[in-house]
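Below is one structure, written out as structure tokens; the observations come after it.
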Amino acid sequence: MILALQNFIHEMIATGEPLAATIDRLYLEVEAPVPMVMEDNLVKVVLRANG
């Protein structure tokens with residue numbers, strides 16, 4: 001799964017897909033198997049950054 005995702009993301013970059021679309025796709029694919037993990041970590045990063 002990870003290798004397939006890596007290849008897909010590389011293909012998006014190589015074909016000039018917008019960075020926002022590439023990041024969105026990466027986020028969705030990583031979050032799909034374990035919902036809320038990415039969101040929980042993102043909240044922690046934002047809280048840490050804001051003091």
Side-chain angles (χ1 to χ4, degrees):
M1 178 192 151
I2 292 175
L3 183 58
L5 175 58
Q6 179 180 351
N7 290 337
F8 184 78
I9 295 300
H10 283 166
E11 184 177 329
M12 290 182 77
I13 293 167
T15 58
E17 288 289 327
L19 181 59
T22 304
I23 292 171
D24 286 345
R25 184 61 185 259
L26 178 60
Y27 178 91
L28 291 172
E29 294 294 331
V30 170
E31 184 193 34
V34 188
M36 300 301 290
V37 168
M38 292 293 288
E39 187 174 325
D40 288 346
N41 287 330
L42 182 60
V43 168
K44 290 174 188 173
V45 168
V46 169
L47 290 175
R48 232 180 285 140
N50 289 327

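The first residue in the sequence is number 1, and the count goes up from there. Here the structure is a predicted model, which is why all the values come from computation and not from measurement.
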> How many angstroms lie between atom CD of Glu17 and atom CG of Asp24, to the nearest 0.5 angstrom?
Replying inline: 11.5 Å
> If you group Ile, Leu, Val, Met, Phe, Trp and Tyr by side-chain heavy-atom gaps below 4.5 Å, do Phe8 and Ile23 land in one group?
Replying inline: no
>> Within this structure, what is the OG1-NE2 distance for the pair Thr22 and His10, rounded to the nearest 0.5 Å?
In response: 11.0 Å
>> So for atom CG, which belongs to Leu28, do other residues, nucleotides or ligands contribute more than 12 heavy atoms lying within a distance under 6.0 Å?
In response: yes
> Is Val30 close to Leu5 at the side-chain level, that is, under 4.5 Å between some pair of heavy atoms?
Replying inline: yes
>> If you define the side chain from C-beta out and look only at heavy atoms, does anything of Gln6 sit under 4.5 Å from Ile9?
In response: no
